Amino acid sequence: MKDLILLIIGGALINNVVLNQFLGICSFLGVSKSMKPSASLGMAVIFVMTIASAVASLVYDHVLAPLGMDYMKTIVFILVIAALVQIVEMFLKKTSPSVYKALGIYLPLITTNCAVLGVALTNVQNGYNFLQCVLSGFGTALGFTLAIVLLAGIRSRINEEDLPAPLRGAPIVMIAAALMSIAFMGFAGLSF
Amino acid sequence: MNKYIERLYNGLIKENPTLVLMLGMCPTLAVSTRAINGIGMGLSTTAVLILSNLVISWLRKVIPDQVRLPSYIVIVASLVTVTELLMEAYLPSVYEALGIYIPLIVVNCIILGRAEAYANKHTPVLSVMDGLGMGLGFTIALTLAGLFREVLGNGTAFGYQILPKSMDPIGIFVQPPGAFLVIAFFIIIMNAIGIKTRQRQLVEQECDGNCAGCSLACDSKKEEVESK
């Protein structure tokens with residue numbers, strides 16, 4: 001039990017997917033302009049990444065590994081994720097239009113979010129079982145949401161400051177991200 | 001200028017994928033801890049980019065328009081798998097150092113971006129030159145960032161000690177925060193001397209109001225577009 005909780009905390013805080021492993025930077029920098037889209041994207045990522053980790057784990061354990069087709073995992077996973085995002089999109093559109101509306105354009109964008117593929121591949125490399133994969137996917141997505149919502153909060157204040165011209169736009173966001181990354185490095189000192 | 005040379009110039013300087021287009025940020029930030037990693041990552045991406053541009057340009061009349069993106073992803077994923085296996089066999093040390101970021105070349109936006117923006121409209125030879133230019137532009141930016149971080153954070157360049165041993169290197173630069181700082185400084189310098197990133201050019205000329213893929217804070221522009 002303790003291991004499983006550690007897996008979530010490790011994914012969310014200690015090995016934060018954005019600030020420590022640099023996966024999903026594009027959407028992290030692009031979408032974090034204001035709070036609401038950031039939260040929506042975070043929700044969408046939690047949703048897709050948890051399911052994608054589960055499905056990728058099942059596909060790997062029951063199809064690829066028995067057939068000895070380990071080397072096909074990159075191709076298979078990216079197809080699984082793309083198909084999954086499509087299915088989730090259609091399913092949500094039918095069953096809960098309100099959630100679908102809230103996630104909006106961010107759902108299809110997740111296919112190209114390298115964090116989802118990255119987590120699926122890392123899980124397999126670490127030899128996690130099904131439950132561990134799901135929890136690690138969930139924890140990682142939680143970390144992504146935390147980071148992007150925090151950055152959105154910081155940026156809404158930065159926008160009101162009078163910055164020197166060369167710093168406006170991407171540079172100041174990256175400096176803010178660097179400071180957040182330093183703060184998150186502190187979690188590496190956690191011991192259980 | 002010769003149109004083939006023009007492609008190289010375009011990729012290296014005019015539309016440098018990392019510094020001007022700001023594509024492929026994930027690998028740039030992640031593997032630039034050492035200059036040599038930058039070269040390894042840059043060249044493997046270049047190889048995939050050249051081959052994917054070639055194949056996609058060959059097949060551009062065969063692939064139906066509606067399913068082009070899935071087809072591109074499958075082509076790129078196959079090429080990445082080949083590259084990964086080759087590297088594991090012949091360059092195990094680079095393979096170890098780059099780790100998970102090699103399979104993640106599949107989702108590198110430079111590759112899909114060039115397929116969509118260039119290779120599916122041009123001849124194979126031009127597409128190969130475009131891939132070469134873009135790939136080398138990426139490699140140079142990555143190596144430069146790696147060199148900066150290695151010198152400041154470790155006191156070495158390409159593994160050779162260059163700062164005197166008595167000077168303590170600034171460790172933060174080889175840690176994750178250093179990546180954000182170094183790239184931020186690169187862009188600050190470019191902004192200060194007037195080289196505009198693609199996003200900035202777009203916002204100034206013809207902002208389409210698509211703010212999802214843009215990191216600039218341009219609320220005034222957004223209102224302008226929405227009011228149209």
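Numbers restart at 1 for each chain; the letters A, B, ... are given by sequence-line order, proteins then strands. As the structure is a prediction and not an experimental result, all values here were calculated from the model.
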How close do [X] and [Y] get, heavy atom to heavy atom, and via which atoms?
{"X": "A:P171", "Y": "B:I187", "value": "CG-CG2, 3.8 Å"}
{"X": "B:P103", "Y": "A:L121", "value": "CB-CD1, 3.6 Å"}
{"X": "B:L104", "Y": "A:C114", "value": "CD2-O, 3.9 Å"}

When rounded to the nearest 0.5 angstrom, what distance separates [atom1] in [X] from [atom2] in [Y]?
{"X": "A:I75", "Y": "B:L79", "atom1": "CD1", "atom2": "CG", "answer": "9.0 Å"}
{"X": "B:Q175", "Y": "A:N20", "atom1": "CD", "atom2": "CG", "answer": "9.0 Å"}
{"X": "A:I25", "Y": "B:T28", "atom1": "CD1", "atom2": "OG1", "answer": "10.0 Å"}
{"X": "B:T81", "Y": "A:I78", "atom1": "OG1", "atom2": "CD1", "answer": "10.5 Å"}
{"X": "B:I172", "Y": "A:S181", "atom1": "CD1", "atom2": "OG", "answer": "7.5 Å"}
{"X": "B:E84", "Y": "A:T74", "atom1": "CD", "atom2": "OG1", "answer": "5.0 Å"}

| Can you check ring pair (Phe, Tyr, Trp, His ring centres under 6.0 Å) on B:F180 and A:F22, steps first, answer last? | CA-CA 10 Å; B:F180 287 111; A:F22 305 113; 5.4 Å; yes
| Options A:L179, A:L41, A:L19, ranked by heavy-atom pairs under 4.5 Å with chain B, top entry |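 Winner by heavy-atom pair count: A:L19.
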| said: Quick check on A:K93: does its NZ atom have over 12 non-hydrogen neighbours (other residues, nucleotides or ligands) under 6.0 Å away? | reply: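 No.
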| said: So for atom CZ, which belongs to A:F138, do other residues, nucleotides or ligands contribute more than 12 heavy atoms lying within a distance under 6.0 Å? | reply: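 Result for CZ/A:F138: open.
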| task | Determine, stepwise, if the pair B:I100 / A:L23 fulfils side-chain contact (heavy atoms from CB on, under 4.5 Å). | result | CA-CA 11 Å; B:I100 183 90; A:L23 299 176; 5.7 Å; no
| Heavy-atom side-chain proximity of B:F186 to A:M174 below 4.5 angstrom |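 No, side chains not in contact.
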| query | Under 4.5 Å, heavy atom to heavy atom, which residues of residues 31-42 of chain B contact chain A? | reply |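 Residues of residues 31-42 of chain B touching chain A at under 4.5 Å: none.
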| message | Among B:C109, B:P176, B:P70, which residue has the highest count of heavy-atom pairs closer than 4.5 Å to chain A? | response |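 The option with the most such pairs is B:P176.
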| said: Among B:A184, B:P177, B:A77, B:A179, which residue has the highest count of heavy-atom pairs closer than 4.5 Å to chain A? | reply: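 Maximum pair count with chain A is reached by B:P177.
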| message | Please classify the contact of B:L85 with chain A as side chain, backbone, both or neither, using a heavy-atom distance under 4.5 Å. | response |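 The side chain, not the backbone.
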| said: Using heavy-atom distances under 4.5 Å, tell me whether A:M72 contacts chain B through its side chain, its backbone, both, or neither. | reply: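 It is neither, since no heavy atom gets under 4.5 Å.
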| query | Relative to chain B, which segment of A:I158 carries a heavy atom at a distance below 4.5 Å: side chain, backbone, both, or neither? | reply |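 Neither part.
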